[in-house]
Colleague: 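Sharing a structure below in structure tokens format, with a few things to ask.
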Amino acid sequence: MNGDTVVQDLIDSGLRGRGGAAFPAGIKWKTVRAALADQKYIVCNADEGDSGTFSDRLVMESDPYMLIEGMIIAGVTVGATLGYIYVRSAYPHAIATLNRAIDKARDAGWLGASVLGSSHAFELYVAKGAGAYVCGEETALLESLEGKRGIVRAKPPVPALVGLYGKPTVINNVITLATVPIIFAKGAAFYRDFGMGRSRGTLPFQIAGNVKQGGLVELAFGVTLRELIYEYGGGTASGRPARAVQVGDPLGTYLPESQWDIPLDYEEYAKVGAVVGHGGLVIHDDTSNLAELAQYAMHFCALESCGKCTPCRIGSTRGEEVIAKIRDGDTSVKQITLLRELCDTMVSGSLCAMGGMTPFPVMSALDHFPEDFGLPRTPAKKAA
Ligand SMILES: Cc1cc2nc3c(=O)[nH]c(=O)nc-3n(C[C@H](O)[C@H](O)[C@H](O)COP(=O)(O)O)c2cc1C
Ligand code: SF4
């Protein structure tokens with residue numbers, strides 16, 4: 001196939017990045033293909049630092065050729081001859097399996113100076129990350145891959161134009177790249193047929209936390225949280241009523257039961273300030289304390305912040321302190337307003353989604369579970 005046709009088919013399939021931001025994969029590839037450079041790269045983001053997520057790991061451990069093939073197709077399409085899979089060191093089995101699979105693919109002629117006897121060269125290597133959460137952010141990942149400390153780069157320029165070693169780079173999540181071979185085996189229309197709205201295809205939902213049957217289930221977009229919790233997850237492991245579900249990883253919102261019938265779709269979730277993210281669900285029962293979880297969100301951000309920008313670096317520590325004061329009994333208007341204003345500043349002033357989204361779990365906890373903060377069970381803003 002001609003590269004332009006490949007890109008158009010990928011756009012037509014509706015595939016959006018599965019790492020969290022849901023950017024159309026075909027548009028990213030088109031940008032890199034059109035860029036003029038002596039070297040281009042394909043980078044696979046296999047950092048998978050999100051709590052409760054493991055779909056990338058399962059693909060790499062159980063069917064690494066899906067990913068390898070997707071990366072080769074990406075390389076041939078955009079004119080990149082080198083690829084890297086950036087895997088966190090906490091995934092030793094995935095790293096070993098990938099290395100063996102890459103060797104076999106090379107022996108079989110899929111990798112090397114001439115991919116399957118064609119004029120296209122493509123080489124692939126595994127790079128081990130040390131496990132900093134922020135190194136999953138694409139620009140911090142590129143810094144880390146270059147051997148530097150994982151600090152977020154300001155955008156623009158986007159990595160598609162100035163990426164690894166300053167060269168045009170496709171950086172995609174494992175699931176995004178591993179989906180590509182299926183799209184080309186069965187056709188863009190086949191893939192597009194699954195899903196709803198602008199969320200086409202399937203997502204491997206990962207069910208974790210307090211759940212009877214934790215695990216992964218690949219389903220078309222449009223399924224509801226209630227179906228995932230009860231039909232696939234079998235309810236809570238504790239047998240107590242489920243109370244809150246964090247969707248979209250540690251930076252995702254806590255959804256109360258009143259929101260469990262919203263179809264899992266990027267746009268439908270965005271309407272209520274929630275995110276689908278990498279498809280991770282962490283279920284909590286009625287013994288959970290959402291104020292404690294909100295405080296932990298700020299604590300996590302303080303631990304994992306790369307430190308480049310003030311709202312995230314300082315705001316996360318101040319946020320943890322303010323929530324601690326509220327939990328200690330100071331539920332005054334002043335404290336609640338301070339927390340809301342701090343969250344507003346982090347959302348609008350942070351350089352990347354680490355600081356920009358940490359307020360999501362915090363504010364959803366405050367809005368939907370005010371009683372855990374010692375506030376009356378009315379909308380928190382009015383209570384304040
Ligand atoms: C703090 C932070 C952590 C992230 N961690 C990951 C990760 O572990 N894996 C991933 O694929 N994307 C992660 N992302 C999203 C990436 O920045 C980027 O959007 C993604 O690699 C693009 O690939 P995609 O378009 O295929 O999703 C993270 C973003 C942020 C802000
Ligand atoms: S938001 Fe946090 S992680 Fe992102 S650039 Fe700023 S300090 Fe770094």
Side-chain angles (χ1 to χ4, degrees), residues 1-47 67-87 102 110-115 118-127 129 134-181 183-184 308 351-353:
M1 285 173 81
N2 163 299
D4 290 335
T5 318
V6 172
V7 162
Q8 194 52 51
D9 270 14
L10 201 55
I11 293 171
D12 292 345
S13 77
L15 178 67
R16 292 162 76 178
R18 301 296 191 232
F23 187 79
I27 303 287
K28 193 180 279 187
W29 288 28
K30 191 176 183 176
T31 309
V32 178
R33 178 171 161 77
L36 296 175
D38 54 353
Q39 179 69 59
K40 298 178 190 177
Y41 297 99
I42 308 297
V43 173
C44 171
N45 189 341
D47 195 55
L67 173 58
I68 293 171
E69 192 179 348
M71 291 186 75
I72 297 169
I73 294 171
V76 171
T77 303
V78 306
T81 53
L82 266 174
Y84 295 95
I85 308 173
Y86 184 96
V87 193
I102 288 171
W110 286 86
L111 294 170
S114 167
V115 173
S118 71
S119 58
H120 299 285
F122 193 69
E123 251 321 332
L124 190 53
Y125 301 97
V126 174
V134 77
C135 285
E137 193 284 335
E138 58 185 12
T139 61
L141 186 155
L142 294 175
E143 288 286 298
S144 171
L145 200 49
E146 290 179 13
K148 300 179 214 152
R149 192 174 147 191
I151 297 213
V152 173
R153 296 178 186 168
K155 287 188 279 194
V158 291
L161 296 174
V162 182
L164 188 63
Y165 302 112
K167 303 291 182 184
T169 303
V170 166
I171 176 160
N172 274 138
N173 171 256
V174 173
I175 303 297
T176 316
L177 290 162
T179 302
V180 168
I183 291 172
F184 289 102
K308 182 152 177 166
L351 190 58
C352 83

Colleague: Taking the side chain from T81 and the backbone from A121, do they hold a donor-acceptor pair closer than 3.5 Å?
Modeller: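 Flag not set: sc T81 to bb A121 has no pair under 3.5 Å.
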
Colleague: Could you measure the distance from the NZ atom of K30 to the OG1 atom of T77? Nearest 0.5 Å is fine.
Modeller: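 Taking NZ in K30 and OG1 in T77, the distance rounds to 13.5 Å.
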
Colleague: Any non-hydrogen side-chain atom of P24 less than 4.5 Å from a side-chain atom of I11?
Modeller: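 Counting from C-beta outward, P24 and I11 never come under 4.5 Å.
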
Colleague: Under 3.5 Å, side chain of K40 to main-chain N/O of V32, donor-acceptor pair present?
Modeller: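 Judged by distance alone, yes, a pair lies under 3.5 Å.
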
Colleague: Would you name the heavy atoms of A74 and L177 that are closest together and state the gap between them?
Modeller: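 A74 and L177 have their closest heavy atoms at CB-CD2, 4.3 Å.
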
Colleague: Under a 3.5 Å distance rule, please check whether K28 uses its side chain to pair with a backbone N or O of I171 as donor and acceptor.
Modeller: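 Confirmed, K28 side chain pairs with I171 backbone.
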
Colleague: Could you go step by step and tell me if W110 and I68 meet the side chain to side chain contact (heavy atoms under 4.5 Å, CB included) rule?
Modeller: CA-CA 9 Å; W110 286 86; I68 293 171; 5.8 Å; no

Colleague: For C44 versus L67, what's the shortest heavy-atom pair and its separation?
Modeller: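 That would be SG-CD1, 3.8 Å.
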
Colleague: Salt bridge or not between R153 and E146? Use side-chain N to carboxylate O under 4.0 Å.
Modeller: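 Salt bridge flag = yes for E146 with R153.
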
Colleague: Within a strict 4.5 Å, meaning less than it, do heavy atoms of the V180 and W29 side chains meet?
Modeller: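 Result yes, sub-4.5 Å side-chain heavy-atom pair found.
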
Colleague: So how far is it from T31 OG1 to L161 CG, rounded to the nearest 0.5 Å?
Modeller: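 Between T31 OG1 and L161 CG, I get 6.5 Å after rounding to 0.5 Å.
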
Colleague: What's the separation between atom OG in S144 and atom CD in E137, rounded to the nearest 0.5 Å?
Modeller: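 Reported to 0.5 Å precision, the distance equals 12.0 Å.
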
Colleague: About how many Å separate CD of E123 and CD1 of I102, when rounded to the nearest 0.5 Å?
Modeller: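 Interatomic distance, I102 CD1 to E123 CD, rounded to 0.5 Å: 8.5 Å.
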
Colleague: In Å and rounded to the nearest 0.5 Å, what is the CG to CD1 distance from L124 to I72?
Modeller: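 Those atoms lie 7.0 Å apart.
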
Colleague: If only atom types and distance count, is the side chain of R18 paired as donor or acceptor with the main-chain N or O of V174 below 3.5 Å?
Modeller: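 Side chain of R18 to backbone of V174: no pair is present.
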
Colleague: Find the distance between CG (L15) and CG (N172) and round it off to the nearest 0.5 Å.
Modeller: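 Result: 7.5 Å between the selected atoms.
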
Colleague: I need the minimum non-hydrogen distance between L142 and P159, along with the two atoms involved.
Modeller: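 Closest approach of L142 to P159: CD1-CB, 3.9 Å.
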
Colleague: Any donor and acceptor pair, going by atom type alone, linking the side chain of T179 with main-chain N or O of I175 inside 3.5 Å?
Modeller: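 At least one qualifying donor-acceptor pair exists.
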
Colleague: P157 and K155: which non-hydrogen atoms are nearest, and at how many Å?
Modeller: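 Answer, listing the atom of P157 first, then K155: O-CG, 3.8 Å.
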
Colleague: Side chains of R33 and V6, heavy atoms from C-beta outward: is any pair under 4.5 Å?
Modeller: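 No. Closest side-chain heavy atoms not under 4.5 Å.
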
Colleague: Could you check whether any side-chain N or O of K167 sits under 3.5 Å from a backbone N or O of Q39, counting only pairs where one atom can act as donor and the other as acceptor?
Modeller: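 No: the side chain of K167 does not pair with the backbone of Q39.
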
Colleague: Which heavy-atom pair separates I85 from A46 by the least distance, and what is that distance?
Modeller: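 So the two residues come closest at CG2-CB, 4.0 Å.
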
Colleague: Could you walk me through whether D9 and I183 pass the side chain to side chain contact (heavy atoms under 4.5 Å, CB included) test, one step at a time?
Modeller: CA-CA 8 Å; D9 270 14; I183 291 172; 5.6 Å; no

Colleague: Looking only at non-hydrogen atoms, find the nearest pair between A140 and C135 and report the distance.
Modeller: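 Nearest pair, atom of A140 first, then C135: CB-CA, 4.1 Å.
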
Colleague: As a quick check of understanding, evaluate side chain to side chain contact (heavy atoms under 4.5 Å, CB included) for L145 and Y165, giving each step before the final call.
Modeller: CA-CA 9 Å; L145 200 49; Y165 302 112; 6.0 Å; no

Colleague: Does the side chain of Q8 pick up a donor-acceptor pair with the side chain of D4 at under 3.5 Å?
Modeller: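 The criterion, which ignores hydrogens and geometry beyond distance, is not satisfied for D4 and Q8.
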
